[in-house]
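Taking it in order: structure first as structure tokens, then the write-up.
Here is the naming used below: chain letters follow the sequence lines, and residue numbers restart at 1 for every chain.
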Amino acid sequence: MKSNRVLLSILGWVIGFIIFFPILWMVMASLKTEIEAVATPPSFFFTPTLENYFVVQSRSDYLNYAWNSIVISVFATLLAILIAVPASYSFAFRPTKRTQFKLVWILSTKMMPPVGVLIPMYLFYKNMGLLDTHLGLILIYTLINLPIVIWVLYTYFKDIPQEILEAAQMECDGLLNIFLYILLPLSKSAIFSTSLLSIVLIWNESFWSLNLTAFEAAPLTTFISSYSSPEGLFWAKLSAASTLAILPIMFLGWVTQKQMVKGLTLGAVK
Amino acid sequence: MKSNRVLLSILGWVIGFIIFFPILWMVMASLKTEIEAVATPPSFFFTPTLENYFVVQSRSDYLNYAWNSIVISVFATLLAILIAVPASYSFAFRPTKRTQFKLVWILSTKMMPPVGVLIPMYLFYKNMGLLDTHLGLILIYTLINLPIVIWVLYTYFKDIPQEILEAAQMECDGLLNIFLYILLPLSKSAIFSTSLLSIVLIWNESFWSLNLTAFEAAPLTTFISSYSSPEGLFWAKLSAASTLAILPIMFLGWVTQKQMVKGLTLGAVK
Amino acid sequence: MGSINLVGVSKSFGDVLVIPSVDLEVNEGEFVVFVGPSGSGKSTLLRLIAGLEEVSKGRIEFNGQDMTNLAPAKRGLAMVFQSYALYPHMSVRENIGFPLKMAGMPKSEIAAKVQEAAKILNLSEYLERKPRQLSGGQRQRVAIGRAIVRQPKAFLFDEPLSNLDAALRINMRLEIMELHQQLKTTMIYVTHDQVEAMTMADKIVVLDHGNIEQVGSPLELYRAPDNLFVAGFIGAPKMNFLTGGEASRYNATTIGVRPEHVQISTSSGLWTGKVGVSEHLGSDTFLHVNVEGQQSPLTVRADGEVQLNYGDTVYLSPEEDKVHKFDNDGKAIR
Amino acid sequence: MGSINLVGVSKSFGDVLVIPSVDLEVNEGEFVVFVGPSGSGKSTLLRLIAGLEEVSKGRIEFNGQDMTNLAPAKRGLAMVFQSYALYPHMSVRENIGFPLKMAGMPKSEIAAKVQEAAKILNLSEYLERKPRQLSGGQRQRVAIGRAIVRQPKAFLFDEPLSNLDAALRINMRLEIMELHQQLKTTMIYVTHDQVEAMTMADKIVVLDHGNIEQVGSPLELYRAPDNLFVAGFIGAPKMNFLTGGEASRYNATTIGVRPEHVQISTSSGLWTGKVGVSEHLGSDTFLHVNVEGQQSPLTVRADGEVQLNYGDTVYLSPEEDKVHKFDNDGKAIR
């Protein structure tokens, strides 16, 4: 019984290490020279160098891409939340016979392969002058994330007892007051973690950013792909670029971990 | 009041048409000649031709890609379900203090940008001989979808009253019987719609398929991107290719719509 | 301050007619209880008065003024919900003070009012706590406090005690009754529990399928039920009903006699039967007697010390002046 | 067929000791009720017997055989759950037959057994329905049917009636009692409702905080409670407790007297008080009288016709031989 537990623990840690290994490999590779990086088997002991990072920053303007990623993910998320809150509210608290169907329909739009609409979207953006603009990416990411944001908020709102809102209705006049004093404070952690989720999803999206931007509004996913171009792969530099691209979002995730757990599990578990 | 409703209805239909428009555009473009396809404004009246479809099938073997898509998405989904069912079962019915944390941790792995681990994964696949093989894609898609499949099944299992399983425990000996006679029949529609979701997600995935396959095991997403290569865009042919790529999954979605609505909303709404 | 009048009020949800047409007068200061089984429309009626549901037809008047289409917050009514409906993100103090804050009262005044209400309800020590840190009974008291501070024209209670355990329920029942004695404000109370209705009400409104079956004081309903439904619903244990020959002897289709109005004897009586299961409560014993020719056993209340065994033959006689007679339609014959 | 013995059984969840140590004997054919407030460990004790929880320390024996570590299905017990726990994807027929199917019984035999159980429980018409198409009472009967067909060594009931409405609850109570009369199988029944305990039990086990406070027949507990907890828990309305001078007159720290053992008079008596709220049930009237020097009002049972008003002065006298005396530790003085 007891030795079983120890074995299970060891197994768990081994699996954990295997899952974590690619990230470790990447960070290590980014600190090696190009020659060391392609060595097989990979060397675990080497003299770390920040060389790759300097090259990457000087060759392509990292900060420009990072800034674009931040602007686009934050504003698209804000817009999506602004649209999703009233939508989820009415789905959760004023359900009709067709609410279920509408919710599934909304989610089903996510099942369409994006390649299918690439051409018309590209032409549309070109004609409207939205190519390689922040606004262009913000709009498309808002629309792409809306179904998920609506679903997560809906799931959360649905868990708020109807009677609490009815009590509020008896005591304060107007929907705005109910929203400001009751609904918003009650769901702030859900809104917060939904926002984080949306930011992360946008941060990692590469299909539309690669196809609709060049440099002006290009986010970090474009930045990385410029290092995996066919003219020759540079493992160490690509690793440095990847590390730089992941860094901000990893940091954000780490800082907001507790809030995130609270928001994601409050509706589900408690 | 009444005229308001009519206006709202019209507005709804207009928005619906706008959302639907890109798909319509694509299907129409696939039936035009290359010259008609690039005309601005697009013409709505033209003589449809199946020419593009014949060209696409003869130039690149559509059926090969479609077969790869089917094999990969079905087997990766099966594998994910096989792993996720016992995992979700233990999360839902044998929760510990750390269950919440583990669930969030599982989901958080989805927040890692895939570019971050492209290099180590590529090298790993190369060394193991998994590049451009069905097995390679099946394995990575299983792992990618596992968090979502576990969450959806967990959410569903959690809604099954504990007392039903306890009653089963009093009456049938062994976990296997409980699973076969009680849990599986109770959750078959949830498992079914989770599987569909997983198939759709894999079908539409392009990042890993583009980077880890060439032709042998390449799915439809690779097939399309070969038509948007830099050597010159052919709108009409790309449209035909896209239509062909979407067709199977749209058909699947349409056929299983009812099952899907039932499975997705049973846990959430009822 | 608060007389409430319903005139021809009806309510449909879609095609389903929940309340056909109700006329009802609630006088100022009265404690009125709506009682009925689930699906009787009692909660819907309360929610119509509160304004949480729209009236389909008819009129609701407060002190003679039509308020049918007024927003809930403007009606000046306070409601206590079954689930307490406290705001989980606010402390007890904020919960109680919330309606006053919404009414735009100055902070110092709110503080004083909250203090006062907390004192009445023994909540002074808990003012800084969040609802989740309170027991069920305390939560219920906070909900009542939130209703009191507004000094409403009337209180509406929607099964406020059904989430409490038995002992607490009896305590809270007495507290609400004391409150009514002190405030003398109109109260409308919804419950499915006829014991609550009997003990608390000045006036009981018995509802079934959205129709008012009878309106009256508890003892009026107990002594002279208008029909079979009220006769069977009011009183515990349930009234015994007999049909066939036993009933026609009284020129009725059905006769009813309460368990406490049947004399039991081991020697002689009007009806003969065999003792079934018996329930010993200590204070009383209820015997279930299978009488010949009757489908269901008759319940008889005997005093606490009676000892009869399963299967013994006994004789029963009703107290003649306590026999209720009903005609073919279930209406009482007087 | 089923005597059950608990020897020094204790249960902890993590660091929390829920049941310190319980010794209990349940004889064959007995109807034993575990009763106590929520958190008293009554359900945990039942689940230990069922095998749904692991015993932390101690032994559980069936007919003298140790079964502490046997899987639930191997214990030969049948359990009826609070939520009925029917399998939603099976018809009534399949639900009832499921335990037999699992036991590997041939199909024809199962069909016959199911038919028979359905007949006893008036379910024959509903055999092809799914649980969701049944009413609460019918679901409960299916759950009982599923338990009966197994011919278990003992039945375990976990608050089986608490999801039913009042009228149905009384009916089902009688049905379960009739069932026990017919089958004569050992039954262990958990409830928080002392009325259910009093009416149904051969033997009541009163639990509080995981400890057995008293074991005895309903009337033993009613007439001679061992301590303050049992005295206050058994009997409705609750026993009145008096402390201070009134108690020392009887050489006790606390005395208790039940509402039905207090004489009320408008002229003279042992204690003087003012009438508070009164509860008119028709059959009885319960008066709450504020007695000088006592914190909480005394409840007094008067007959249905008494009419006293709020604030009237009345005199109360206990029936001397019905006064319960308790010492400093709350133990009964006999």
Contact origin within Arg75(D) toward chain B - heavy atom pairs under 4.5 Å
neither
Contact origin within Leu86(D) toward chain B - heavy atom pairs under 4.5 Å
backbone
Between Lys101(D), Met102(D), Arg146(D), Arg47(D), which has the largest tally of heavy atom pairs under 4.5 Å with chain B?
Met102(D)
Assess the pair Tyr189(D) and Phe34(D): is the distance between their ring centroids shorter than 6.0 Å?
no
Quick one: what part of Ala71(D) sits under 4.5 Å from any heavy atom of chain B, side chain, backbone, both or neither?
side chain
Separation between CZ (Phe98(D)) and OG (Ser91(D)), nearest 0.5 Å, reads 12.5 Å
Verdict with supporting geometry, Arg93(D) and Glu128(D), salt bridge (Lys or Arg N to Asp or Glu O under 4.0 Å)
CA-CA 6 Å; Arg93(D) 180 191 299 283; Glu128(D) 303 315 325; 2.6 Å; yes
Residues Lys107(D), Glu109(D): salt bridge by 4.0 Å N-O rule:
no
At a 4.5 Å cut-off on heavy atoms, which part of Asp173(B) comes close to chain D: side chain, backbone, both, or neither?
both
Under a 3.5 Å cutoff, is there a donor and acceptor pairing between the side chains of Tyr141(B) and Glu205(B)?
yes
